Amino acid sequence: MLEKLIENKVAIITGSGSGIGKAIALSYANLKAKVVIADINEESGKETSKEIIHHGGEALFVKTDVSSVESVKALVETAVKKYKKIDILVNNAGLEYYTTIEDTTEEQWDQTMAIDLKGVFMGIKYVLPYMKKQGSGSIINIASIAGISAWPGLGVYSAAKGGVVLLTKAAAAENGKYGIRVNCICPGSIKTPLLEEQFFAPQSDREAAEAQLLKHYPINRLGEASEIADAAIYLGSDLSSFVTGHSLSVDGGLSSFVGDLI
Ligand SMILES: NC(=O)c1ccc[n+]([C@@H]2O[C@H](COP(=O)([O-])OP(=O)(O)OC[C@H]3O[C@@H](n4cnc5c(N)ncnc54)[C@H](O)[C@@H]3O)[C@@H](O)[C@H]2O)c1
């Protein structure tokens, strides 16, 4: 039963050349979904698709910039032309700047909003007509724990991800009657290039920074990208058929823990 969860479903996954998106693409392909790898980085995106095909899976790479309307439209049209339907859209592509609000430049604000928030809006907007026509679909937005609680140094990122959480609820409310479910996942700290390059690299003592971070995690470790992929399998499949508008925290307990008070 479990191996049939998303078999033959067509899934577009943005930002799937690296980290969480790549893990979702590999897990979906492993369960025999047909995956459309959409990434701005041609080299890493092609690498993900090659890896899937090498292991006998079905994948198509489409170079995509989620902040460009033409690019998102072309992605959706290419996927439909090839596979005739879109069952799942994972809006995962994103970036962050780890800097205070005061030190954030206007360019960093614009770029964060264009990719992390507008990119999600456009993904949803341009798959909806196809999903409505089919009468079914599951949209999964990768938000963040920083989208539901404040994290000093991630204020602008939080503003974008908080927008994703509410956009998810609005899209779910508008489209449930068409058989379309819209949910988001709020990951905690997941071991990916983004966490390493944006969060850990600027710290003077990498090990001390990780130890400090782990004090906030009841599970006492960082997350794996595959653990976010497991949540995306649940939300993409009929196992979650009565779940919509939900923000699923996959965060090792971070968001439910106030920290050691004494
Ligand atoms: N890693 C974490 O701890 C963590 C925590 C919470 C949320 N997230 C979110 O998860 C998502 C994936 O993050 P990750 O950690 O895997 O990062 P990552 O940097 O490893 O991967 C991000 C991918 O997105 C692609 N991308 C960037 N801009 C793009 C654009 N304009 N168009 C298309 N693709 C683009 C990159 O090329 C890259 O392949 C992001 O939305 C991020 O905000 C990550």
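Every number for a ligand or one of its atoms is a count from 1 in the order of the listing. This one's a predicted model, so the numbers in the text were calculated from it and none came from an experiment.
Between the side chains of Thr105 and Tyr97, no donor-acceptor pair of N or O atoms lies under 3.5 Å.
With a 6.0 Å cutoff to the six-membered ring centre and a 45° limit on the axis angle, Lys132 counts as a cation-pi contact of Tyr178.
Qualifying salt bridge (charged side-chain N to carboxylate O under 4.0 Å, His left out) partners for Asp87, counting only residues two or more places apart in sequence or in other chains: Lys85.
Ile185 places a side-chain heavy atom less than 4.5 Å from the side chain of Leu235.
Between the side chain of Ser237 and the backbone N or O of Tyr234 there is at least one donor-acceptor pair closer than 3.5 Å.
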Extract all N/O-N/O pairs under 3.5 Å that connect ligand 1 to the protein, and present each with both atom names and the distance rounded to 0.1 Å.
{"unit_1": "ligand 1", "atom_1": "1 (N)", "unit_2": "Ile190", "atom_2": "O", "d": "3.2"}
{"unit_1": "ligand 1", "atom_1": "1 (N)", "unit_2": "Thr192", "atom_2": "OG1", "d": "3.0"}
{"unit_1": "ligand 1", "atom_1": "3 (O)", "unit_2": "Gly188", "atom_2": "O", "d": "3.4"}
{"unit_1": "ligand 1", "atom_1": "3 (O)", "unit_2": "Ile190", "atom_2": "N", "d": "2.8"}
{"unit_1": "ligand 1", "atom_1": "3 (O)", "unit_2": "Ile190", "atom_2": "O", "d": "3.4"}
{"unit_1": "ligand 1", "atom_1": "8 (N)", "unit_2": "Tyr157", "atom_2": "OH", "d": "3.4"}
{"unit_1": "ligand 1", "atom_1": "15 (O)", "unit_2": "Thr192", "atom_2": "OG1", "d": "2.5"}
{"unit_1": "ligand 1", "atom_1": "16 (O)", "unit_2": "Ile20", "atom_2": "N", "d": "2.8"}
{"unit_1": "ligand 1", "atom_1": "20 (O)", "unit_2": "Ser18", "atom_2": "OG", "d": "2.6"}
{"unit_1": "ligand 1", "atom_1": "31 (N)", "unit_2": "Asp65", "atom_2": "OD1", "d": "2.9"}
{"unit_1": "ligand 1", "atom_1": "32 (N)", "unit_2": "Thr64", "atom_2": "O", "d": "3.3"}
{"unit_1": "ligand 1", "atom_1": "32 (N)", "unit_2": "Val66", "atom_2": "N", "d": "3.0"}
{"unit_1": "ligand 1", "atom_1": "34 (N)", "unit_2": "Ile40", "atom_2": "N", "d": "3.3"}
{"unit_1": "ligand 1", "atom_1": "37 (O)", "unit_2": "Asp39", "atom_2": "OD1", "d": "2.6"}
{"unit_1": "ligand 1", "atom_1": "39 (O)", "unit_2": "Asp39", "atom_2": "OD1", "d": "3.4"}
{"unit_1": "ligand 1", "atom_1": "39 (O)", "unit_2": "Asp39", "atom_2": "OD2", "d": "2.6"}
{"unit_1": "ligand 1", "atom_1": "41 (O)", "unit_2": "Asn92", "atom_2": "O", "d": "2.7"}
{"unit_1": "ligand 1", "atom_1": "41 (O)", "unit_2": "Lys161", "atom_2": "NZ", "d": "2.9"}
{"unit_1": "ligand 1", "atom_1": "43 (O)", "unit_2": "Tyr157", "atom_2": "OH", "d": "2.5"}
{"unit_1": "ligand 1", "atom_1": "43 (O)", "unit_2": "Lys161", "atom_2": "NZ", "d": "3.1"}

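Between Glu77 and Lys81 there is no salt bridge, since no side-chain nitrogen of the basic residue lies less than 4.0 Å from a carboxylate oxygen of the acidic one.
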